[in-house]
Q: 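Here it is, the structure, as structure tokens.
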Amino acid sequence: MTKHIHVSVAWPYANGDLHVGHLAGAYLPADIFARYHRLKGNRVLMVSGSDSHGTPISVEADKRGVPAREIFEHYHERFLLTQQKIGISYDLFTHTDTENHHKVAQDIFLLLLERGYLYKETQQLLYSEIEKRFLPDRYVEGECYICGYPDARGDQCDNCGNLLEATKLINPRSKNHPEEHLIVREAEHYFLDLAQFSDQLLAYLESHQANWRQNVVRFSQNFIQEGLRGRPITRDIDWGVPVPLEGWDEKRLYVWFEAVMGYLTASIEWAHNTGDPDAWKAWWYNPDAEVYNFIGKDNIPFHTIIWQAELMGIDGIYNQQEGNYNGCHIQLPYNVPANEFMNIEGKQFSKSRNWAIWVPDILERYQPDAVRYYIISTFPETHDSDFSWDGFLNRVNNELLAAWGNLVNRMLSFAYKRFDGKVPAYDALTYADVQIINRVELGFGEVGNLIEQVRLREALQTAMALVREANYYLDVRKPWHTIKDDPEDAARAVYTILKVIDNLKTILAPFLPFSSQQVHEYLGYNGQIFGDIQIEEFEETTRSHKALTYDSAPAVGLWLKSSLLPGQPLREPKALYQKLEPEIVERERSFLGAPRDEHAIVP
RNA sequence: GGCGACGUAGCUCAGCGGUAAGAGCGAUUCACUCAUAAUGAAUAGGUCAUAGGUUCAAAUCCUAUCGUCGCCA
């Protein structure tokens, strides 16, 4: 039965390049999951986009003295190119500064207001006369009211570590204009009344306890039990989605409130782009659809609590008219498989100290599947993990290349050279031949189950164990030996191993899409296992934007056993993976913590 | 300060109450030569952070301590 699977992926702030933590936390898991379900024949909608708003972008813009729009457009463009290169197969990767996102976000705001889930409250905030605006906490410094440290930040003191309230700082001053003494002014803001959803949220968590990751459930329950307080959803800034009310022109929706809506707004945009504006409802209002949120652990409360509350509050939105799903409730996430963090050489990622591995940089030097393989094999699914360069070297050379790449290379070139460039014909198969084929065919179920449970590291390990069994089989059957005096038997073994490789290519395809495609071609098949990841431009009324899209038309891949035909012409194989030199470890380490030049990304 | 997670072979990790603690990589030895010296087999390697406790039975549950990290104040 065809299922509708929605893959929602965390939205990166467009204030810097993607680093391996992004891949490990959300994008690669989501991509593997989406590719698998597409091979299964399920209807997948995988969406995400750049978070165009938010203070980090304004901070970066101020630092460089350029408008916020320039920063987000620059990094949005780089996100598109980077993810295309590493093969993250979004149906739509858009951004939050589209007319569509603004409109849907404003509609959501108004609906929540109408239904009584928002309330107004007056806040005390620091105001700058020079800049004529209220200052976000990150723009404020002053003396810590707990320890007396003179250079405490608006939100936290670096000396005593306490979180601070900016308005309580002694002699608060603006970062941009340190000579100005800031004053406290009152400002009116809207708040999301989360407490109204407490019981509903707890019940929702309860009902998913069995299939969710333990840490996600516990963390969320804890968060709710500590008491949900209202959270401000508007701010006195000029970069963001305008508040759609008379007299509120100076204010914007708070980014945390508006960005998570992207899962819904991007689905709506996708439907619009495909020419069937209601198509998104097959996921969002279909009771049989499953929605998965792929995020990092820092995002857990926003997805298991705030976004859920927003969804509960807007149930029925855009679903009043007659249609297939009229009367159905909006779909809450079926699972939120949050990953933990990936550290770098034992230390935590830090943008400011450049303790980071930037994805566009490593893609200049390494194959996308090599990067994918290493990161998947160290996915932080149960706790924080570590990216180390000698780990990368070892995993790529000793596992990916030695076991899988070499298996493909040794047998495809053997078949190509010794069997006239064709899949050998055989009379009958031996017991050992049938055994290995059966063993590997079981892998479709084993690996598939693990992927469905989002245990992706284990899924890859299980697939690699099958690769090792295939190598063992060859050691027993030795076609390079039997071909000398029993070519019939060599033909049986070579046919068998090609069929095994054909199966393994499919099982590995969600993880290693680029090399699986190569194997597919070496085996003599035409067509693509997966569709194409494209960059498209979309026009709206007043502006246009670029986005990643997925064209499934050319895809022929299916999560099915090989039915390789004897006599099928092979193509001359080349090595799948480049062997890495031990020198790379020291070289790559030397980039950590050193100043970085941002290079243009070559597609 | 409160809450929570984690600490298992040289490395990366699995196991989370029940046969004598597992995998991959690395190491050693042997076999093989189709292959990017890749592959296969065998062997070595652990007082499961420390100290108490519960239990017929604990890496697995409880308490404390030490260390690492996260969230909240």
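Predicted model, so just to flag it, every value in this text is computed and none were measured.
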Q: Set out, line by line, the N/O atom pairs under 3.5 Å between protein and nucleotides 11-14 of chain B.
A:
residue : atom : partner : partner atom : Å
C13(B)  : O3'  : R457(A) : NH2          : 3.3
A14(B)  : OP1  : T382(A) : OG1          : 2.3
A14(B)  : OP1  : R457(A) : NH2          : 3.0
A14(B)  : OP2  : H383(A) : NE2          : 2.7

Q: Just how far, in rounded Å, is C1' of G40(B) from CG of L474(A)?
A: 10 Å
Q: Rounded to the nearest angstrom, tell me the gap between atom CG in L580(A) and atom C1' in A38(B).
A: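 So the two atoms are 15 Å apart, to the nearest Å.
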Q: For the P atoms, the ones on A38(B) and on U43(B), what distance do you get once it is rounded to whole angstrom?
A: 24 Å
Q: What is the distance, rounded to the nearest whole Å, between atom CZ of R410(A) and atom C1' of U33(B)?
A: 9 Å
Q: Can you check the distance between G7(B) and A14(B), where both ends of the measurement are the P atom (answer in whole Å)?
A: 8 Å
Q: Closest nucleotide of RNA chain B for L401(A) versus for Y472(A): which of these residues is on the 5' side?
A: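 The 5'-side residue here is L401(A).
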Q: Please determine if a side-chain N or O atom of N398(A) lies less than 4.0 Å away from the OP1 or OP2 oxygen of G26(B).
A: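 Yes, within the criterion.
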Q: Could you say whether the aromatic ring of W480(A) and the base of C34(B) stack, counting only centre distances under 5.5 Å and plane angles under 30°?
A: yes
Q: Of R229(A) and L576(A), whose closest RNA chain B nucleotide lies nearer the 5' terminus?
A: L576(A)
Q: May I ask you to verify if any side-chain N or O of K579(A) is less than 4.0 angstrom from the OP1 or OP2 atom of A38(B)?
A: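 Checking A38(B) against K579(A), a side-chain N or O does come within under 4.0 Å of OP1 or OP2.
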Q: Taking the same atom, P, in C30(B) and in U68(B), what whole-Å distance lies between them?
A: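 Between the two P atoms, the distance is 45 Å.
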Q: I'd like to know whether the aromatic ring centres of Y577(A) and Y373(A) sit less than 6.0 Å apart in this structure.
A: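 Ring centroids of Y577(A) and Y373(A) are no less than 6.0 Å from each other.
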Q: What does M411(A) touch in the nucleic acid at a heavy-atom separation under 4.0 angstrom: a base, only the sugar-phosphate, or nothing?
A: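 Base contact - M411(A) has a heavy atom under 4.0 Å of at least one base atom.
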Q: Supply the atom-to-atom distance L570(A) CG to K417(A) NZ, rounded to the nearest 0.5 angstrom.
A: 13.0 Å
Q: Round to the nearest Å and state the distance from N397(A) atom CG to A37(B) atom P.
A: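 The answer, rounded to whole Å, is 11 Å.
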Q: To the nearest angstrom, how far is I376(A) atom CD1 from C25(B) atom C1'?
A: 18 Å
Q: Just the rounded figure in Å: distance from P of U68(B) to CD of E340(A).
A: 19 Å
Q: Between Q367(A) (CD) and U36(B) (P), how many Å, whole number?
A: 15 Å
Q: With heavy atoms under 4.0 Å as the rule, sort A402(A) into base, sugar-phosphate or nothing.
A: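 The answer is sugar-phosphate, as A402(A) gets under 4.0 Å only of primed atoms, P, OP1 or OP2.
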Q: Mind checking the CG-CZ spacing from L523(A) to R571(A)? Nearest 0.5 Å is all I need.
A: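 These two atoms lie 10.0 Å from each other.
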Q: Rounding to the closest angstrom, what is the interatomic distance between U47(B) and C56(B) at atom C1'?
A: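 The answer is 23 Å between these two C1' atoms.
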Q: For U33(B) and G17(B), measure between their P atoms and round to the nearest Å.
A: 49 Å
Q: Distance check: side-chain N/O of K297(A) vs OP1/OP2 of C69(B), anything under 4.0 Å?
A: no
Q: Give one of base, sugar-phosphate or nothing for R418(A), where a contact means two heavy atoms less than 4.0 Å apart.
A: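 Nothing, no nucleic acid heavy atom in range.
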Q: Of the nucleotides C25(B), C34(B), U36(B), which has the atom closest to the R468(A) side chain?
A: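 Nearest nucleotide to the side chain: C25(B).
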Q: Determine whether the aromatic ring centres of Y366(A) and W389(A) lie less than 6.0 Å apart.
A: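 Centroid separation for Y366(A) and W389(A): below 6.0 Å.
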Q: Based on Watson-Crick and G-U pairs with both distances under 3.5 Å, what dot-bracket line describes RNA chain B 5' to 3', crossing pairs as [ ] and inter-strand pairs as |?
A: ((((((((.[[[[.)..(...]]]].(((((.......))))).....[[[[[..)....]]]]]))))))).
Q: Given the side-chain rings of Y416(A) and Y522(A), with only the six-membered ring counted for Trp, is the space between their centroids under 6.0 Å?
A: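 Ring centroids of Y416(A) and Y522(A) are no less than 6.0 Å from each other.
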Q: Are D486(A) and K478(A) close enough for a salt bridge, meaning some N to O gap below 4.0 Å?
A: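 Salt bridge between D486(A) and K478(A), a charged N being under 4.0 Å from a carboxylate O: no.
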Q: Under 4.0 Å, heavy atoms only, any strand: does Y577(A) hit a base, just the sugar-phosphate, or nothing?
A: base
Q: E469(A) CD to A23(B) C1': how many Å, rounded?
A: 13 Å
Q: Is the W11(A) to Y13(A) ring centre distance short of 6.0 Å?
A: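 No: the rings miss the under 6.0 Å criterion.
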